[in-house]
Amino acid sequence: MIRAKVWTFGDHINTDLMLPGDMLFASEEEQKRVVFRANRPGWVDEVRPGDIIVGGLNYGMGSSRPAARSLRNVGVGAVLADSINGLFFRNAVNFGLIALEVPGVRAAFEEGQTAEVSLEDMTVLNRASGVTLKALPIPKMLLDLMLSGGIYPHLEQQGYIEPNRDRPPPAP
Amino acid sequence: MGMTIVEKIFARASGQKRVAPGDLAVVNVDVAVMLDSTFHPNSRRRILKLQDPEKIVVIYDHMVPAPDKLSAEGQAYGRAFVKKFGIKRFHDVGPDQGIGHAVIADRAYALPGGVLICADSHTCASGAFNCAARGVGSPDMLGAITTGKTWFKVAPTVRYDFHGKLKPGVSAKDVFLYLAGTYGHHTNQNVEFGGPALATLSINARRTLATMGAELSAEFATFEPDQILLDYVRERNSAPFEEQYPDADASYADRRRVDLDKLEVLVALPDSVIQNSVPVGQVGKVKIDQAFIGSCANGTLDDLAEAARVVNGKRVAPGVRFLVTPGTQATFIAALKAGYIQTLMEAGAVVTPATCGACFGGHMGVLGPNETCVTASTRNFKGRMGDPSARIFMASPATVAASAIAGHLIHADEIA
Ligand code: SF4
């Protein structure tokens, strides 16, 4: 069960907003500082570890850049959206960011409310309003990957990539 | 019930009889394209094994020639990687240079009926070649090149049937702006293109449309094969392939008719292309600072020809920076031989080497605060081409070229 404060965003939140183009090749630590810089400056200073992003339609549209990694590094506990862009979803799976498609979720929450997410039942509850919503199912193989920290640990264990990065990012 | 084009490709690539929307297909990858970004010191991982170097293509495009020290270091690292694993298809800075998706087109690396992935969202560009091509993330790429496999969630497909013929001056980019403006986003849907008028669209026009499938947020954007495509591929690549046609009883989420002759020249207003297109005559007199033609969507020979036709004998308006980036160096040379480059440069265009460059605000044409740009590239997101306060309008190469001459957004017919 994940229980945390909600930050609401609109439809079609694109990956350039989460990871601006001029920061594409910056370090993870620097990238973490510029999430939502263009549309919501200062947000990275307000968000607390575990907080939940609630988006509208087509969350994460756009580029293949590792925007999901930036959200994970910021400490986002889950992304819930009416629908999630397929490419962003792939990155969420691979970087171990919990991302669920929950039709109706944007309308069901106001910013600052608390969401309770059950991954067992795939449900989202807004206790303030009493509304419970159902998340769309995720194929087991992908859910396992998402919840086990993404693809990197697996590729490392199987000897496909070196366990340590060539240049580790500074500790958060 | 029959299958759509991508469903048939997934079935073959996953060794199943059939797949249907909702399924997860674990597929063998035929071609994996690695870009310079893979080797950048801030994002790379050391790869210990490759499943099959023959299936890999390495193309440097985002930051070429290297504009900074980190890119230069990453590109040197990548050259050593290519050497170590004996990768034969390598497009470094030089005569074979180009934007990845455009190089794939020039060389016909994407084969009809095949599966191609690349860690770039516009990989759907190769859907023009009847290929199931999609952008993945960099971790997916690591998974695919080391295991040979990847996964696709099978989505429902929307089918577009083309009828009629585009009026002169109306381009594939306008077709895209019409689709995005009218039907909006296609999140968690595939799009499939075909119909009786397919033959009226050149391979380059199909590439523009397939590339822009990413902006529809489509999972896959795939064209039906025809003789024009099969001839194009066979001229460039001798490898065997099996093109895929949709079944006559394929199941579509929707089937939509597009009358090409009814379409007009459109412009997308800043920040989004989703339901944001207006006829170019209706935007008013928007003054521009920069006009850009390039990217994997609009750096083709057709695009350069169209731009040259529009600016021929004219002069770029004072205060406007008109940047033109051919998709590949091969296209650059072809445009040079055809006289397009000279025409463009005499009109005042700055022609750059083939690179992603200005398209993603990377280098060579980054926008400053409060500037206005009209672009024939792929994206007009806030901040996409530089400062977040810059406004980016999206239009066809003809409209961009005409606007560079006029100094403000304008229909090409009005400056003729
Ligand atoms: S040209 Fe633009 S859209 Fe195409 S691959 Fe490069 S950055 Fe991406």
Side-chain angles (χ1 to χ4, degrees), chain A residues 11-12 14-17 20-22 24-28 30-31 37-39 41 57-59 61-69 83-95 101 136-142 150-152 154-156 158-167 169, chain B residues 22-24 26 37 40-51 62-63 68 70-71 74 77 118-123 134-140 142-143 145-147 150-153 155 185 187-188 214-215 217-219 272 274 360-362 366 379 381-386 388-389:
Chain A
D11 293 337
H12 307 295
N14 68 61
T15 54
D16 284 49
L17 295 174
D22 61 345
L24 219 45
F25 300 114
S27 69
E28 284 185 44
E30 289 165 314
Q31 287 175 351
R37 179 182 68 184
N39 58 328
L57 295 170
N58 196 12
Y59 188 90
M61 73 178 287
S63 143
S64 70
R65 61 192 62 181
R69 182 180 68 188
S83 60
I84 294 181
N85 184 271
L87 186 44
F88 181 84
F89 179 77
R90 297 187 80 92
N91 278 322
V93 167
N94 285 325
F95 284 111
E101 291 186 296
L136 299 185
I138 297 177
K140 186 175 178 321
M141 180 185 118
L142 305 185
I151 195 175
Y152 288 96
H154 297 275
L155 293 176
E156 289 170 5
Q158 288 162 48
Y160 288 130
I161 59 172
E162 204 169 75
N164 292 316
R165 307 175 54 92
D166 285 356
R167 186 186 301 189
Chain B
D23 291 350
L24 184 75
V26 177
S37 33
H40 196 277
N42 280 336
S43 52
R44 72 175 170 236
R45 297 294 299 257
R46 193 186 294 283
I47 297 157
L48 303 174
K49 289 180 201 159
L50 289 181
Q51 191 264 339
H62 274 64
M63 301 289 262
D68 56 54
L70 285 180
S71 299
Y77 179 97
C118 170
D120 184 279
S121 54
H122 292 93
T123 304
R134 85 152 289 153
V136 297
S138 46
D140 285 311
L142 283 179
I145 60 176
T146 55
T147 68
T150 195
W151 52 266
F152 297 130
K153 287 206 293 181
H185 70 98
T187 310
N188 297 330
E215 302 318 302
S217 287
E219 290 285 288
S272 171
I274 299 302
F360 76 112
V366 180
R379 286 202 167 122
F381 296 168
K382 202 174 186 49
R384 167 73 178 180
M385 299 177 72
S389 64

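Every chain is numbered from 1 and lettered A, B, ... according to where its sequence line falls, protein lines coming before strand lines. Values reported hereafter were calculated over all heavy atoms of this structure, with side chains retained and with hydrogens, waters and symmetry mates removed.
- Each of B:Ser217, B:Gly135, B:Gly361 has some count of heavy-atom pairs under 4.5 Å with chain A, and the biggest count is that of B:Ser217.
- Both the backbone and the side chain of A:Leu87 come within less than 4.5 Å of a heavy atom of chain B.
- For A:Phe88, no part lies under 4.5 angstrom from a heavy atom of chain B.
- Contact of A:Leu57 with chain B is made through the side chain alone, with heavy-atom distances under 4.5 Å.
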- Message: Go through it in stages, so that I can follow the logic: the residues are A:Met61 and B:Thr187, the test is side-chain contact (heavy atoms from CB on, under 4.5 Å), and I'd like the CA-CA distance, side-chain angles, deciding distance and then a yes or no.
- Response: CA-CA 8 Å; A:Met61 73 178 287; B:Thr187 310; over 6 Å; no
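- With a threshold of 4.5 angstrom between heavy atoms, A:His154 does not approach chain B through any atom at all.
- Side chains of B:Thr150 and A:Arg90: a donor on one and an acceptor on the other come within 3.5 Å.
- Contact count against chain B (heavy-atom pairs under 4.5 Å) is highest for A:Ile161 among A:Val93, A:Leu24, A:Ile161, A:Ile84.
- Remark: A:Arg37 engages A:Asp22 in a salt bridge, criterion side-chain N to carboxylate O under 4.0 Å.
- Options A:Pro66, A:Ala26, A:Pro137 differ in how many heavy-atom pairs under 4.5 Å they form with chain B, and the most are formed by A:Ala26.
- In this structure, the portion of B:Met63 lying under 4.5 Å from any heavy atom of chain A is its side chain and not its backbone.
- Counting only heavy atoms from C-beta outward, the side chains of A:Leu17 and B:Phe381 never approach each other to under 4.5 Å.
- Looking at A:Pro139, only its side chain comes within 4.5 Å of chain B, counting heavy atoms on both sides.
- If you measure heavy-atom distances from B:Leu24 to chain A, the contacts under 4.5 Å come from the side chain alone.
- When the candidates B:Arg134, B:Glu215, B:Lys382 are compared by the number of heavy-atom contacts under 4.5 Å with chain A, B:Arg134 comes out ahead.
- A distance of 14.5 Å separates CZ of A:Phe89 from OH of A:Tyr59, quoted to the nearest 0.5 Å.
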- Let me see the working for B:Leu70 and B:Asn42 under side-chain contact (heavy atoms from CB on, under 4.5 Å), right down to the final yes or no. CA-CA 8 Å; B:Leu70 285 180; B:Asn42 280 336; 3.9 Å; yes
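- With hydrogens and angles left out, the side-chain atoms of B:Ser121 and B:Arg379 include a donor and acceptor closer than 3.5 Å.
- Using a 4.5 Å cut-off between heavy atoms, B:Ser37 touches chain A through backbone and side chain atoms alike.
- Contact tally against chain B (heavy-atom pairs below 4.5 Å) for A:Thr15, A:Asn39, A:Asn14, A:Ile151: the top residue is A:Asn14.
- With a threshold of 4.5 angstrom between heavy atoms, B:Val26 approaches chain A through side-chain atoms but not through N, CA, C or O.
- Proximity to chain B is absent for every atom of A:Ala68, based on heavy atoms less than 4.5 angstrom apart.
- Contacts between A:Phe25 and chain B at a heavy-atom distance below 4.5 Å involve backbone atoms as well as side-chain atoms.
- Ion pairing between B:Glu219 and B:Lys153 fails under the 4.0 Å rule for side-chain N and carboxylate O.
- Contact annotation for B:Leu50: neither backbone nor side-chain heavy atoms come within less than 4.5 Å of a heavy atom of chain A.
- The side-chain hydrogen bond (donor to acceptor under 3.5 Å, both in side chains) test applied to B:His40 returns no partner, not counting sequence neighbours.
- To the nearest 0.5 Å, atom CG of residue A:Leu136 and atom OG of residue A:Ser83 are 9.0 Å apart.
- In this structure B:Asn188 satisfies the side-chain hydrogen bond (donor to acceptor under 3.5 Å, both in side chains) test together with A:Glu101, sequence neighbours excluded.
- The greatest number of non-hydrogen atom pairs below 4.5 Å with chain A, out of B:Met385, B:His185, B:Arg384, B:Lys49, is found for B:His185.
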